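What follows is one structure encoded as structure tokens, with my remarks underneath.
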Amino acid sequence: MNDDGLILAIDNGTQSVRALLFDSKGNPVASAKLELEAYFSTSPGWAEQEPEYFWQKLGEVCQLLWQQEAADPDQIVAVALTTQRGTVINLDKNGDPLRPAILWLDQRRADITEPIPQPWRGLFAVAGQSSKIDYFRSKAQANWIAQHQPEIYKATAKVLLLSGFLSYRLTGDYVDSVGAIVGYLPFDFRKQRWAGSSHWAWSCSGIKSGQLPKLVKPGETLGLISAAASDVTGIPAGLPLIAAASDKACEVLGSGGLKAEVGCLSFGTTATINTNSFRYVEPVRFIPPYAAAVPDAYNTEVMIYRGFWMVSWFKQQFGLREAQRAKELGMTPEALFDDLVREVPAGSMGLMLQPYWSPGLNDRDMKGAVIGFGDLHTRSHIYRAILEGLIYALREGKEQIERRSGRRINRLSVSGGGSQSDAAMQITADIFGLPVERPHTHETSGLGAAIDAAVGIGLYKDFDSAVKAMTRTGQVFEPNPESHKLYQKLYTRVYRQMYRRLKPLYQEIRDITGYPE
């Protein structure tokens, strides 16, 4: 038993939900994991899931945790929650879901027919940002519901993100963390609070006054675990639920990234590079930084949408041999996929990939590309080129953040499922030309939530001391000078030129086929 007790962190991602116990030094004590059906789709481009499914699986994973000898619920002193971002749930006046949750992966769009009110219309026109505002309006889930399901729109009493919905089920209160607010909601990212009544986001989001939960800062108490929640989860009633943040924000904190000089890479379904900053710095002009897992701080983020999704796609389409062999050998498939990477030299014999799998907010013509195919290339070359392309894109994000912030990133920490690949970590070091650290636990989002809880209940006086005590480096990958020299040439002379030269063809593709919309 730890003298300070244990912290329960619940991490509800896109593909799994995990219940994790940490001690006050950040050591994992016990864990349980359940795979999730990420979403169902009843129409092309839709991604939905039943809210009750999320709550059911949260209860099941907690009950699974208690079956482990090291997991004693009586030793828990606090609970924290981190979730996937941008998943929206509509509740009626009784707190019951009105329809399936619309996930962050969803591609539906509302029709934009009316202009936004003045003076915002004129201001955005002068700034050249009218198209971004129209994109925000079309992506706002409430606008689509108002157009296509008016009866549900009318009956909606609360609009919650998944974090707010699970917090409501755990405590009985409509409350959420400032650090969890990412999506098409009337949120003032600069002031980190719901937008004022005259803010443009109210008229553009379709959200009504009173439909949103109360917000508290990371490290503050959201509420107490209710008796009803205790019956479902086995978490002792009366324990404090401490506000954490979104999964990406918690990964930054769990990686020890408190300073702007630390670049925190996430190798997940969505790949990101993030820095923690106490200054408001837009990574792309007019695209706000998100609230961090530290109060009054920001995450300056560049996102590669569906980043390591491409790695999962490759494994599903071309990795059956490794999956079967790994099962026979009693090992993880990832170890065998690393062998595929090592079969191929740095640069993949000229095979180059650009991972723009989805259109960008600033450029609706963006598409992915693989160039340089020759008859000597095998699936091993393709797999390595996928990893290299993703990491080129993250390096591009690093340079973008440095330009916008005026601060150099001189240290890299990598988390997320993809960080467990030694080959991916070495390629990262070689492409960036910097040492790359793997934290002592790959559960950095859960650890970040646990750090919020540790500060919230007073185990540490501040976040600096909590991070110092609860995070540390597990392994460091040093760049290979020869590989870095090769990658430097490929990055500057090929990768950085690819999109500019291919964009006219992407425009032709859109004009001819209508894809992407």
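Predicted model only: the values in this text are computed from it and were never measured.
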Would one find more than 12 heavy atoms of other residues, nucleotides or ligands at under 6.0 Å from atom [atom1] of [X]?
X	atom1	answer
Glu114	CD	no
Tyr39	OH	no
Lys208	NZ	yes

Check whether any side-chain heavy atom of [X] lies under 4.5 Å from a side-chain heavy atom of [Y], and answer yes or no.
X	Y	value
Gln15	Glu37	no
Lys154	Gln149	no
Pro236	Ile225	no
Tyr290	Lys248	no
Ile273	Ile401	yes

Provide the closest heavy-atom pair for Gln354 versus Tyr499 in the form atom of the first, atom of the second, distance.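 Of all heavy-atom pairs spanning Gln354 and Tyr499, the closest is OE1-N, 3.3 Å.
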Shortest non-hydrogen separation from Gly5 to Val77 and the atoms involved: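 Where Gly5 meets Val77 most closely, the heavy atoms are CA-CG1, 3.9 Å.
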Checking the side chain of [X] only, and the main-chain atoms of [Y] only, is there a donor and an acceptor separated by less than 3.5 Å?
X	Y	answer
Ser230	Ile235	yes
Arg121	Ile116	yes
Glu402	Ile409	yes
Thr272	Asn274	no
Asp173	Val175	no

Between His148 and Trp144, how do the two ring planes meet: parallel, tilted or perpendicular, split at 30° and 60°?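 It falls in the parallel class, under 30°.
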Could you tell me how the ring of Phe308 sits relative to the ring of Phe267: parallel (under 30°), tilted (30 to 60°) or perpendicular (over 60°)?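 Answer is parallel, since the angle falls under 30°.
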Carboxylate-amine/guanidinium contact [X] [Y], below 4.0 Å:
X	Y	answer
Asp188	Arg193	no
Glu301	Arg85	yes
Glu399	Arg496	yes
Glu151	Arg99	no
Lys57	Glu60	yes
Glu261	Arg408	no
Arg108	Asp106	yes

Check: [X]/[Y] side-chain N/O donor and acceptor closer than 3.5 Å:
X	Y	answer
Glu508	Tyr506	no
Trp104	Thr270	no
Asp176	Ser167	no

For Val294, run the side chain to side chain contact (heavy atoms under 4.5 Å, CB included) check against Leu258, Asn299, Asp452, Val467 and tell me which one passes.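 Testing Val294 for a side chain to side chain contact (heavy atoms under 4.5 Å, CB included) against Leu258, Asn299, Asp452, Val467 leaves exactly one candidate, Leu258.
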Could you tell me whether Phe136 and Trp200 have their ring centroids closer than 6.0 angstrom?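 Between Phe136 and Trp200, the centre distance is under 6.0 Å.
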With a 6.0 Å cut-off on ring centres, are Trp202 and Trp120 close enough?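 No; Trp120 has its ring centre 6.0 Å or more from that of Trp202.
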Applying side chain to side chain contact (heavy atoms under 4.5 Å, CB included) to Arg407 and Lys259, what does each step give before you reach the verdict? CA-CA 10 Å; Arg407 303 285 292 272; Lys259 297 180 179 179; over 6 Å; no
